[in-house]
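Working notes for the structure below.
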Amino acid sequence: MLEIQGVSLETDGDNRVEILKNINLKFYDKKIYVVTGPNGGGKSSLAKIIMGVYNTTKGKILLDGQDITTMNITERARLGIGYAFQSPPRFKGIKVKDLLKMAASYNPEKVNICDLLYDVGLCAQDYLNRDVDTSLSGGEMKRIEIATVLARNLKLAVFDEPEAGIDLWSFQKLAETFKNIHMKYDTTIVIISHQERIMELADEIILMSNGTISAQSERDIILAGILNTDACACSTKCEKGVGQNVECIG
Ligand SMILES: Nc1ncnc2c1ncn2[C@@H]1O[C@H](COP(=O)(O)OP(=O)(O)OP(=O)(O)O)[C@@H](O)[C@H]1O
Ligand SMILES: [Mg+2]
């Protein structure tokens with residue numbers, strides 16, 4: 001189980017902004033959680049404090065009771081935490097097969113990297129020898145990144161908007177893949193998503209807005225609520241084309 005206890009995250013510098021505000025969450029083994037909410041609500045920041053990309057300003061993170069708050073990304077990866085970024089990084093000079101083999105080397109079980117590509121809807125013969133650079137399309141890169149996380153029999157896997165840029169046909173395949181991992185392994189799956197189709201996979205849905213958890217409940221209870229909520233944070237229009245002392249009209 002991963003526990004997030006009273007976690008806050010502030011930006012550095014003079015104009016400090018509180019991105020996450022006193023977050024308390026428990027992610028139990030073998031469950032699927034979908035985190036959703038308006039843009040800028042803090043979902044990716046939450047994923048990054050779980051992975052250790054950002055360090056918390058306040059609070060604690062515990063994995064199976066072990067305090068991992070001060071651990072870096074590599075230490076957390078060794079403990080079985082993985083994160084598929086919203087915008088995956090590209091690596092010049094590395095081939096898809098090398099990236100997948102590297103990820104699979106963390107897995108005590110034998111992994112068939114061709115099957116992994118199939119699971120994310122890519123043909124192995126077309127992609128194994130491709131470079132993981134800008135020549136890959138956005139959707140191809142996204143799927144390869146997801147395959148690297150799937151390669152690693154993880155304790156907790158976080159997927160940040162796996163649907164982003166992925167076509168309708170591959171999206172269906174991806175949803176089935178999440179279902180299969182859920183059935184086969186004890187992995188806790190956290191999916192950040194705006195898609196109802198992905199939310200339908202969830203045991204629980206967590207709604208984040210303005211750096212806080214605004215709701216958390218079983219899927220069906222929260223889905224109905226989300227669809228009836230006006231999530232826009234901006235309640236009034238700027239007056240006379242001027243907002244917060246900034247000229248709106250150039
Ligand atoms: N390193 C940073 N420095 C300054 N502000 C940041 C930083 N990282 C995130 N933010 C701000 O924190 C807020 C939350 O960002 P985050 O990326 O977590 O949102 P999100 O919920 O993932 O949004 P989206 O749905 O658009 O992906 C945003 O207002 C963002 O601009
Ligand atoms: Mg995000």
Side-chain angles (χ1 to χ4, degrees), residues 2 4-25 27 32-59 61 69-70 72-73 76 81-90 138-139 141-146 148-149 156-166 171 174-175 178 189-202 204-217 222-223 225-227 229-236 238 243-246 248:
L2 186 96
I4 297 181
Q5 297 180 342
V7 159
S8 298
L9 173 69
E10 280 182 13
T11 54
D12 296 329
D14 293 338
N15 297 322
R16 294 171 82 90
V17 178
E18 208 174 15
I19 297 174
L20 298 177
K21 301 163 189 166
N22 190 28
I23 303 283
N24 290 288
L25 284 171
F27 295 107
I32 298 190
Y33 297 86
V34 171
V35 183
T36 193
N39 295 135
K43 303 177 295 296
S44 295
S45 304
L46 175 70
K48 287 175 186 167
I49 63 120
I50 291 174
M51 192 66 243
V53 179
Y54 291 163
N55 291 317
T56 57
T57 315
K58 262 189 235 155
I61 305 175
T69 317
T70 56
N72 62 30
I73 300 173
R76 292 186 202 201
I81 300 176
Y83 174 44
F85 282 84
Q86 185 168 356
S87 307
R90 299 179 187 248
M141 188 61 235
K142 191 81 185 161
R143 287 192 265 165
I144 288 161
E145 158 99 337
I146 292 167
T148 63
V149 174
L156 181 111
V158 186
F159 299 93
D160 200 342
E161 296 196 27
E163 72 269 14
I166 289 187
F171 179 63
L174 203 63
F178 286 130
I189 303 173
V190 179
I191 312 174
I192 296 167
S193 178
H194 300 287
Q195 286 291 327
E196 208 179 329
R197 180 77 189 80
I198 293 279
M199 289 184 217
E200 280 164 8
L201 300 173
E204 269 190 28
I205 297 178
I206 296 162
L207 181 59
M208 281 194 83
S209 59
N210 200 20
T212 61
I213 308 296
S214 38
Q216 176 180 11
S217 194
I222 217 160
L223 251 182
I226 288 172
L227 298 175
T229 305
D230 178 7
C232 183
C234 192
S235 54
T236 53
C238 305
Q244 298 198 339
N245 302 324
V246 181
C248 296

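Counting convention: from 1, in listed order, for ligands and their atoms alike.
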The Mg ion (ligand 2) to Ser44: any N/O/S contact under 2.8 Å? yes

Within the stated cut-off of 2.8 Å, is an N/O/S atom of Ser45 closer than that to the Mg ion (ligand 2)? no

Considering the heavy atoms of [X], write down every atom of ligand 1 situated less than 4.0 Å from one of them.
| X | value |
| --- | --- |
| Gly42 | 14 (C), 18 (O), 19 (O), 20 (P), 21 (O) |
| Thr11 | 3 (N), 4 (C), 5 (N) |
| Gln86 | 27 (O) |

[Y] side chain reached by [X] side chain, heavy atoms, under 4.5 Å:
| X | Y | answer |
| --- | --- | --- |
| Phe85 | Val53 | yes |
| Ile61 | Val7 | yes |
| Glu163 | His194 | yes |

Rounded to the nearest 0.5 Å, what separates atom [atom1] in [X] from atom [atom2] in [Y]?
| X | Y | atom1 | atom2 | result |
| --- | --- | --- | --- | --- |
| Ile192 | Leu46 | CD1 | CG | 6.5 Å |
| Met51 | Asp160 | CE | CG | 13.0 Å |
| Ile191 | Thr36 | CD1 | OG1 | 11.5 Å |
| Ser193 | Glu161 | OG | CD | 7.0 Å |
| Leu25 | Ile213 | CG | CD1 | 4.0 Å |
| Thr69 | Asn55 | OG1 | CG | 9.5 Å |

Check if [X] has a non-hydrogen atom at a distance under 4.0 Å from any atom of ligand 1.
| X | answer |
| --- | --- |
| Val17 | no |
| Glu161 | yes |
| Lys48 | no |

Among Arg16, Lys43, His194, Glu18, which one puts a heavy atom closest to atom 21 (O) of ligand 1? Lys43

Of Pro38, Gly41, Ser45, Gly37, the residue with the heavy atom nearest atom 18 (O) of ligand 1 is Ser45

My question is simple, although I want it checked carefully: is atom 31 (O) of ligand 1 less than 4.0 angstrom from any protein heavy atom? no

Does some non-hydrogen atom of the protein lie less than 4.0 angstrom from atom 6 (C) of ligand 1? yes

Among all protein heavy atoms, pick the one closest to [atom] and tell me residue, atom and distance.
| atom | value |
| --- | --- |
| atom 17 (O) of ligand 1 | Ser44 CB, 3.6 Å |
| atom 26 (O) of ligand 1 | Asn39 ND2, 3.1 Å |
| atom 1 (N) of ligand 1 | Tyr54 OH, 3.4 Å |
| atom 13 (C) of ligand 1 | Gly40 O, 3.5 Å |

Which part of Ile19 is near ligand 1, with near meaning a heavy atom under 4.0 Å away: side chain, backbone, both or neither? side chain

Would you say Lys21 has more than 12 foreign heavy atoms packed within less than 6.0 Å of its NZ? yes

Side-chain donor-acceptor pair under 3.5 Å between Ser44 and Gln86, yes or no? yes

